[in-house]
Amino acid sequence: MTEDTLVTEDTPTRRAERILAQVRAIPPGAVAGYGEVARRAGLPGRARLVATILSANTDPSLPWHRVLRSDGRIAFPEGSPGWHEQLQRLHAEGVRVEAGRVRGQSAAADLDSRLWGPHG
DNA sequence: TGGTTGACTCGTA
DNA sequence: CTACGAGCCAACC
């Protein structure tokens with residue numbers, strides 16, 4: 001165990017903070033995928049962790065509604081309270097949603113980096 | 001202490 | 001378009 005190890009030490013709390021920071025970094029009117037947020041937080045392949053963190057979040061200022069599935073769909077079950085709320089929040093920001101799905105390319109179409117902005 | 005869940009994703013069929 | 005498996009991991013039970 002060296003000092004380097006301590007510096008680079010990762011903990012669930014730190015992962016959560018990095019994830020939340022990335023969610024807050026999504027500008028109004030734009031959306032990002034769970035996997036995208038995870039990747040930007042330095043946690044590639046941990047999309048599910050992003051969902052876990054968001055489900056446990058209590059910060060009302062967190063723009064959680066800007067996080068979608070990789071295919072552009074809202075992750076909540078269609079018609080559920082959460083689904084309706086997310087839809088409403090996105091609509092309020094001018095994000096076009098059709099049948100629970102945001103227009104634009106799917107995350108899988110481009111592995112590089114992607115934030116689906118207002119222009120698509 | 002160990003199994004199950006879930007606001008996920010990707011490749012394959 | 002659907003279905004299934006594998007990978008993922010904190011939170012629950």
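All heavy atoms count here, side chains included; hydrogens, waters and symmetry mates do not. Letters A, B, ... mirror the listed sequences (proteins, then strands); counts begin at 1.
For the pair A:Arg40 CZ and B:dC8 P, the computed distance is 20 Å after rounding to whole Å. In this structure, CG of A:Leu43 is placed 12 Å from C1' of C:dA10, rounded to the nearest angstrom. Rounded to a whole Å, the CZ atom of A:Arg18 is 12 Å from the P atom of C:dA10. One interatomic measurement links the two molecules: CD1 of A:Ile74 to C1' of B:dC8, which rounds to 15 Å at whole-angstrom precision. We find that CZ of A:Arg73 is positioned 12 Å from P of B:dT9, with the value rounded to whole Å. Atom CG of A:Leu54 and atom C1' of C:dC8 are 16 Å apart (whole Å). Summarising the geometry, the separation between CZ on A:Phe76 and P on B:dT5 is reported as 20 Å, rounded to the nearest angstrom. The separation between A:Arg39 atom CZ and C:dC8 atom P is 18 Å, rounded to whole Å.
Not one N or O on the side chain of A:Arg46 forms a donor-acceptor pair closer than 3.5 Å with the backbone of A:Ala38.
One finds a salt bridge joining A:Glu36 and A:Arg39 here, because a Lys/Arg side-chain nitrogen approaches an Asp/Glu carboxylate oxygen to under 4.0 Å. Taking a cutoff of 4.0 Å between a charged side-chain nitrogen and a carboxylate oxygen, A:Asp71 and A:Arg101 do not qualify as a salt bridge. Look at A:Arg89 and A:Glu85 and you find a salt bridge, because one of the NZ, NE, NH1 or NH2 atoms lies within 4.0 Å of a carboxylate O, short of that distance.
Looking at heavy-atom distances under 4.0 Å, A:Gly82 makes no contact with the nucleic acid at all. At a threshold of 4.0 angstrom between heavy atoms, the contacts of A:Leu49 are confined to the sugar-phosphate backbone, with no base atom among them.
Comparing B:dA7 with C:dG7, their P atoms sit 23 Å apart, to the nearest whole Å. Taking atom P in both B:dT1 and C:dC8, the straight-line distance is 24 Å, to the nearest Å.
A residue-by-residue look at A:Ala56 and A:Ala47 shows that A:Ala47 has its nearest nucleotide of DNA chain C further toward the 5' end.
Close to C:dA10, at under 4.0 Å from its OP1 or OP2, lies a side-chain N or O of A:Arg15. For A:Arg48 and B:dG6, the shortest distance from a side-chain N or O to OP1 or OP2 is not below 4.0 Å. For A:Thr52 and B:dC8, the shortest distance from a side-chain N or O to OP1 or OP2 is not below 4.0 Å. OP1 or OP2 of B:dC8 lies within a sub-4.0 Å distance of a side-chain N or O belonging to A:Arg69.
In this structure, of C:dC9, B:dC8, B:dT9, it is B:dC8 that holds the atom nearest to the side chain of A:Ala51. Each of C:dC8, B:dC10, B:dA7 was ranked by its minimum atom distance to the side chain of A:Trp64; first place goes to B:dA7.
Side-chain polar atoms of A:Gln88 and A:His65 form no donor-acceptor pair below 3.5 angstrom.
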